[in-house]
Amino acid sequence: MSIAFYNTLTRTIDEFKPLNDGEVRMYCCGPTVYDYFHIGNARSFVMSDVIRRYFEFRGYRVRYVMNITDIDDKIIRRANEQGVPSSEIANTYAEAFLQDSTRFGIRPADLYPRATETIDDIISHIEGLIEKGAAYVVDGDVFFRVSSFPEYGKLSRKKVEDLEMGARVETDARKEHPVDFALWKSAKPGEPSWDSPWGKGRPGWHIECSVMSQKHLGETFDIHAGGNDLIFPHHENEIAQSEALTGHPFARYWIHFGFLNIDNEKMSKSLGNFFTAREIVEKYPAEVIRFYYLQTHYRSPLNFTQEGLEAARTGLQKLQGVYDALAEATKGDAGFDVHTFEQRFTAAMDDDFNTPAGFGVLFEMVREANAILHGPTGMDAPSRERLRDFLHRSCVQVFGVIREESAVEASDEIVDGLMQLLIDIRTEARKEKQWALSDHIRDGLKEIGIALEDTRDGTKWKITSE
RNA sequence: GGCGACGUACCCAAGUGGCUAAGGGGACGCUCUGCAAAAGCGUUAUUCAUCGGUUCGAAUCCGAUCGUCGCCUCCA
């Protein structure tokens, strides 16, 4: 059994065969740091994170690189609006990006290269392209000569002729051909710039990803991921720039994430339906948001709604609930077959990272497990151990949707003491059949976000609100 | 204009030629409970946008129609 997934380059589901046995070299297009990232970006970053973690679940070592684009037109524009240096904007939002990633439970990449730290490599890459006749200089700007790369369009399946006809933007008359694109942009007065053989300037958008990915992962690497919209022109151009220089394939597998819409509309600031990742993670636990994302296949569009998030919150409690219950259970003698479910789970995930189908298997498993666990016989210790281990590997390590510690375990001694006292008082009251008092305690606690459950093993409590 | 994706229950969402069309949410009924909660059980799609076609057999393949969405030079 091996992992297979949709490769944008071939438009088919291809079996994954890494360049080096047991190792995955993966690059995901990171943020341009001119603002906080939004919930659509977050979906891509979370999906990429989960794919990376799933490879690890399947025993691969993964080298995972994500760039930070810290010099770009949008950053410069933002800096000018606020009257601060562009490096300040870049640093502020790069920092925010790393913070928000952490809050979303996204595991850090092995490396976060930045464009401004890779200028020398970018310049030599461009020099190489000029030498090969794949690029040309016009008044301090350098353009990629698309006609020099016959395979141009192989990722996006676009024809150069069609592109010309559909051109929406005024083309720069200095370019030999309208589809040629900038590798190096000469600096306008007041813009940040670096010295180069063609004068002061800065790198174009596409070149940095080519250079950074190849610098850290090699000329040819396994997987390149990013949002759907990056297929053209960004990734198409990356391929052209890279392969024109090296003569070798660039990324072997391309993964693209579907878009997130709000009310079936593309999220945009002008429509007023724009949410930053930061504001959503204030309102919902990261686990809930991740689970919500993962309930839709990564290539499908996801329509983001408040109701959807609420449904995800409720659904997730079932997974967290069984995980916590397994930690607390102490006796039982019925066995439970985890292995079959794990096989089905793996089969689902191996098939194009089908997370919705994977959760389908997990929920079926949880239903059957709960029936035993909460039933008259209870579940024996080895089964509980195996089940908790599998849930840990799938839902904690791969998906990042359930918490290691229950809310009760995370609370402090004083709270524990108070809760124990309240529960003891209520238990006394219940023995005396003082239902009004015991209900008053339970209702009052519920209002402050603590739920009481009377089980046959006594009263349990848990924190329900964040 | 060019290229592409999609339309499955009240909502979300898997399934892409053949076993009863997964799973989550919601709703209703039941078991358990002092009442709840949690958990479980049951009900909620004779049918997959519509109409044709291919096939022994189609939600799945082909064609048309209707509808939704995305990309086409820097938006994940």
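Chain letters run A, B, ... following the sequence lines, proteins first and then strands; every chain starts at 1.
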Q. So what does A:H38 touch, heavy atoms closer than 4.0 Å: a base, only the sugar-phosphate, or nothing?
A. base
Q) Rounded to the nearest Å, what distance is computed from the CG atom of residue A:D439 to the P atom of nucleotide B:C35? A) 11 Å
(Q) From C-beta outward on A:K185, which listed nucleotide comes closest to its side chain: B:C71, B:C35, B:C74? (A) B:C74
Q. Can you check whether A:S300 has a side-chain N or O nearer than 4.0 Å to OP1 or OP2 of B:C12?
A. no
Q.
For a quick check of understanding: with a heavy-atom distance under 4.0 Å over all strands, which category does A:G226 fall into, base, sugar-phosphate or nothing?
A. sugar-phosphate
Q. Which of these passes ring-ring contact (aromatic ring centres under 6.0 Å, His included) with A:F181: A:F143, A:F144, A:W205?
A. A:F144
(Q) If the threshold is 4.0 Å, N to carboxylate O, is there a salt bridge linking A:D73 and A:K185? (A) yes
Q. Does the ring centre of A:Y64 sit less than 6.0 Å away from the ring centre of A:Y27?
A. no
Q | Of A:D180 and A:F257, the one whose closest RNA chain B nucleotide lies more 5' | A | A:D180
Q | With A:Y6 via ring-ring contact (aromatic ring centres under 6.0 Å, His included) - residues at least two apart | A | none
Q) Given that A:Q317 and A:A436 both sit by RNA chain B, which one's nearest nucleotide is further toward the 5' end? A) A:A436
Q. For the pair made of CG in A:N228 and P in B:C75, what is the distance, rounded to whole Å?
A. 15 Å
Q: Using a 4.0 Å heavy-atom cut-off across all strands, classify A:L260 as base, sugar-phosphate, or nothing.
A: base
Q. Checking all strands, does A:R442 fall into the base, sugar-phosphate, or nothing category for heavy-atom contacts under 4.0 angstrom?
A. base
(Q) Please report the distance separating the P of B:G24 from the corresponding atom of B:U43, rounded so that it comes out in whole Å. (A) 14 Å
Q: Establish whether the base of B:C69 is bridged to the side chain of A:N261 by a donor-acceptor pair shorter than 3.5 Å.
A: no
Q: Using a 4.0 Å heavy-atom cut-off across all strands, classify A:G258 as base, sugar-phosphate, or nothing.
A: base
Q.
From C-beta outward on A:F259, which listed nucleotide comes closest to its side chain: B:C35, B:A76, B:U73?
A. B:A76
Q.
So that I can tick it off, tell me whether A:R442 and A:D439 are bridged by a salt bridge, with the cut-off set at under 4.0 angstrom between side-chain N and carboxylate O.
A. yes
Q. Once you round it to whole Å, what is the distance between P of B:A76 and CE of A:M267?
A. 10 Å
Q: For nucleotides B:C12 and B:A5, find the distance between their P atoms and express it as a whole number of Å.
A: 22 Å
Q | Atom C1', compared across B:G15 and B:A9: separation rounded to whole Å | A | 15 Å
Q: Kindly point out which of B:G2, B:C74, B:C35 is positioned nearest to the side chain of A:D72?
A: B:C74
Q. Looking for any heavy atom pair under 4.0 Å, which part of the strands does A:R426 touch: base, sugar-phosphate only, or nothing?
A. base
Q.
Please verify the inter-ring angle class for A:F37 with A:F104; under 30° counts as parallel, over 60° as perpendicular, anything in between as tilted.
A. tilted
Q. B:G15 phosphate, OP1 or OP2: any side-chain N/O from A:N354 under 4.0 angstrom?
A. yes
Q | Under-4.0 Å salt bridge between A:D180 and A:R174 | A | no
Q.
Measuring to OP1 and OP2 of B:G40, would you say a side-chain N or O of A:N370 lies under 4.0 angstrom away?
A. yes
Q.
I'd like the P distance from B:G26 over to B:C72, given in whole Å.
A. 39 Å
Q.
Classify A:K74 by what it touches in the nucleic acid, base, sugar-phosphate, or nothing, heavy-atom distance under 4.0 Å.
A. sugar-phosphate
Q) Who are the side chain to side chain contact (heavy atoms under 4.5 Å, CB included) partners of A:T296, not counting sequence neighbours? A) A:R43, A:S300, A:L302
Q: Just jot down the salt bridge (charged side-chain N to carboxylate O under 4.0 Å, His left out) partners of A:R278, sequence neighbours excluded, or say none.
A: A:D100
Q: For B:A21 versus B:A64, give the span between their C1' atoms, rounded off to a whole number of Å.
A: 26 Å
Q. When you check the phosphate oxygens OP1 and OP2 of B:A76, does a side-chain N or O of A:N41 lie under 4.0 Å from one of them?
A. yes
Contact list (N/O, under 3.5 angstrom) for nucleotides 19-26 of chain B vs protein:
from, atom 1, to, atom 2, distance (Å)
B:A22, O2', A:E364, OE2, 3.1

Q.
Quick one, A:N237 and A:Y152 - any side-chain contact, counting heavy atoms below 4.5 Å?
A. yes
Q) CZ of A:F97 versus C1' of B:A76: gap in Å, rounded? A) 11 Å
Q: For A:L294 and B:A13, give me the distance from atom CG to atom P, rounded to whole Å.
A: 14 Å
For a quick test of your reading: what N or O donor-acceptor pairs under 3.5 Å do the side chains of residues 366-376 of chain A make, sequence neighbours left out?
from, atom 1, to, atom 2, distance (Å)
A:N370, OD1, A:H374, NE2, 3.3
A:N370, ND2, A:V366, O, 3.4

Q) Below 4.5 Å, heavy atoms only, C-beta onward: do A:I123 and A:W198 meet side chain to side chain? A) yes
Q: Dot-bracket notation for RNA chain B is requested: 5' to 3', Watson-Crick or G-U wobble pairs only, both distances under 3.5 Å, with ( ), [ ], | and . as defined.
A: ((((((((.[[[..)..(....]]]((((((.......))))))....[[[[[..)....]]]]])))))))....
Q. For atom C1', what is the distance between B:A59 and B:A13, given to the nearest Å?
A. 15 Å
Q: Pick the P atom in B:A14 and in B:G7, then give their distance to the nearest Å.
A: 9 Å
**Q.** P gap between B:C48 and B:C3, integer Å
**A.** 30 Å
